[in-house]
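Since the structure comes first, as structure tokens, the remarks are kept for the end.
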Amino acid sequence: MNRKISSLFFAFLFVFVSSLAIAQHTPEGEEPAEKIEQKEDFNATKMIMEHIGDSNEWHLWTTKDDNGEEHHVSVPLPVIIKDNEGWHTFLSSSIAHGHQHDGYTLEDGQVVSTKGIEKATLFSIISGKQKSNEVFFDLSITKNAASMFLSVIFMAVIFMGMARNYKKSQLPKGAGKLLEPVIVFIRDEVAIPNIGSVKYKRYMPYLLTAFFFIWFNNLFGLIPFFPFGANLTGNIAITAVLAIITLLITFSVL
């Protein structure tokens, strides 16, 4: 057994070292990948952030015409802004591609002001900067917010349907056949061992909600076409809210 493990280890080591040597070797007549990337003016970081970052529009694809000009195809999302002049509501298509509306425009998919005021942040709210009318509050339905609403609707439809089926029969039907083993696993392997057999039922709704919310949104994020593909669980606001709620519930359990 030890001889087999040693053989596998050295085989893996040989393949790893060989792959490194091949990757670092540049055949004659070929240019390094860095030069090719510079020639094509390709920015990998920008492309990745456009796909995983939040935005006020849902980008679908980019096409090029005969002149080489790019044309972006996007789904507009509602923009809701509160500033010292009042409320502003319009679609993101009104301020896309350099257009301006009510003193606002889109830069890299984000709403910015052309009136010289900044977007309100948590720090500006705490410091009281919003009282000087130098900030605006962006309450828009962004890509991540729209994805969250979609996942909530999906979860409501799935679990309300399961509840109706269980009222008629104790045998799982439809989605219940797939999700019941997962629910039982959360109960038997997570809730009861960590909370106890007495109090676990009180916290099962939150455990199941948090688990399926994260799971479904991670699955949706892997689907590379509209209305999926959003990086919802990678947003610090989502993870922070879930962490704070979990922390408060943990304190209540203890």
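Please read all numbers here as calculations on a predicted model, not as lab measurements. Position 1 is the first residue of the sequence, and the numbers go up from there.
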Distance col, row Phe136:CZ vs Lys119:NZ, nearest 0.5 angstrom, shows 5.0 Å
Rounded at 0.5 Å granularity, tell me how far OG in Ser140 sits from CD in Gln110. 9.5 Å
CE (Met204) and OG1 (Thr209) are apart, to the nearest 0.5 Å, by 10.0 Å
Pair Ile81-Asp102, side chain to side chain contact (heavy atoms under 4.5 Å, CB included): steps then yes or no: CA-CA 10 Å; Ile81 294 175; Asp102 289 349; over 6 Å; no
With side chain to side chain contact (heavy atoms under 4.5 Å, CB included) as the test, would you mind laying out the steps for Phe159 and Leu208 before giving the verdict? CA-CA 11 Å; Phe159 290 109; Leu208 294 176; over 6 Å; no
Could you measure the distance from the CZ atom of Phe211 to the CD1 atom of Ile183? Nearest 0.5 Å is fine. 9.5 Å
Hydrophobic cluster identity match, Val190 and Phe213, side-chain contacts under 4.5 Å: yes
Taking all non-hydrogen atoms of both residues, which atom of Tyr166 and which atom of Gly176 are closest, and how far apart? OH-O, 4.4 Å
Please answer: with hydrophobic residues joined when any side-chain heavy atoms are less than 4.5 Å apart, are Ile245 and Phe212 in the same cluster? yes
With rounding to the nearest 0.5 Å, note down the distance linking CZ in Phe228 to CG in Asn217. 10.5 Å
Using atom types as modelled and distance alone, determine if a side-chain donor or acceptor of Thr250 lies under 3.5 Å from a backbone N or O of Thr246. yes
Parallel, tilted or perpendicular, as decided by the 30° and 60° cut-offs, for the rings of Phe154 and Phe220: perpendicular
Can you tell me if Asn235 uses its side chain to pair, donor with acceptor, with the backbone of Asn231 under 3.5 Å? no
Would Phe185 end up clustered with Ile158 when hydrophobic side chains under 4.5 Å apart are linked, directly or stepwise? yes
Do Val152 and Val157 belong to the same hydrophobic cluster, where Ile, Leu, Val, Met, Phe, Trp and Tyr are linked whenever their side-chain heavy atoms lie under 4.5 Å apart, directly or via other members? no
Leu207 and Tyr200: CA distance, side-chain angles, deciding distance, side chain to side chain contact (heavy atoms under 4.5 Å, CB included) verdict: CA-CA 10 Å; Leu207 288 174; Tyr200 82 93; over 6 Å; no
Shortest non-hydrogen contact from Thr105 to Ile95? OG1-O, 3.3 Å
Please name the pair of heavy atoms, one in Ala146 and one in Leu77, separated by the smallest distance, quoted to 0.1 Å. CB-CD2, 4.5 Å
Taking all non-hydrogen atoms of both residues into account, name the closest pair between Gln100 and Thr114 and its distance. OE1-OG1, 3.6 Å
Determine whether Met148 and Ile238 make a side-chain contact, defined as any pair of heavy atoms from C-beta on separated by less than 4.5 Å. yes
Donor-acceptor pair between Tyr104 and Ser94 side chains, under 3.5 angstrom: no
If hydrophobic clusters are built from ILVMFWY residues whose side chains come within less than 4.5 Å, do Phe149 and Ile80 share one? no
Working for side chain to side chain contact (heavy atoms under 4.5 Å, CB included), residues Trp58 and Ser74: CA-CA 5 Å; Trp58 206 309; Ser74 304; 5.9 Å; no
Does Glu180 reach the main-chain N or O of Leu171 with its side chain, forming a donor-acceptor pair under 3.5 Å? no
How close do Glu189 and Asn194 get, heavy atom to heavy atom, and via which atoms? O-ND2, 4.3 Å
Donor + acceptor pair across side chains of Thr142, Asn144 (<3.5 Å): no
Check Asp188 against Ile192 and note the closest heavy-atom contact, atom names and distance. OD1-CD1, 4.0 Å
How about NZ on Lys115, more than 12 heavy atoms from neighbouring residues, nucleotides or ligands closer than 6.0 Å, or not? yes
Are Val111 and Leu106 close enough that some pair of their side-chain heavy atoms sits under 4.5 Å apart? yes
Distance in Å, Phe216 CZ paired with Leu232 CG, rounded so as to fall on 0.5 Å steps: 14.0 Å
Any side-chain donor-acceptor pair under 3.5 Å between Asn56 and Ser92? no
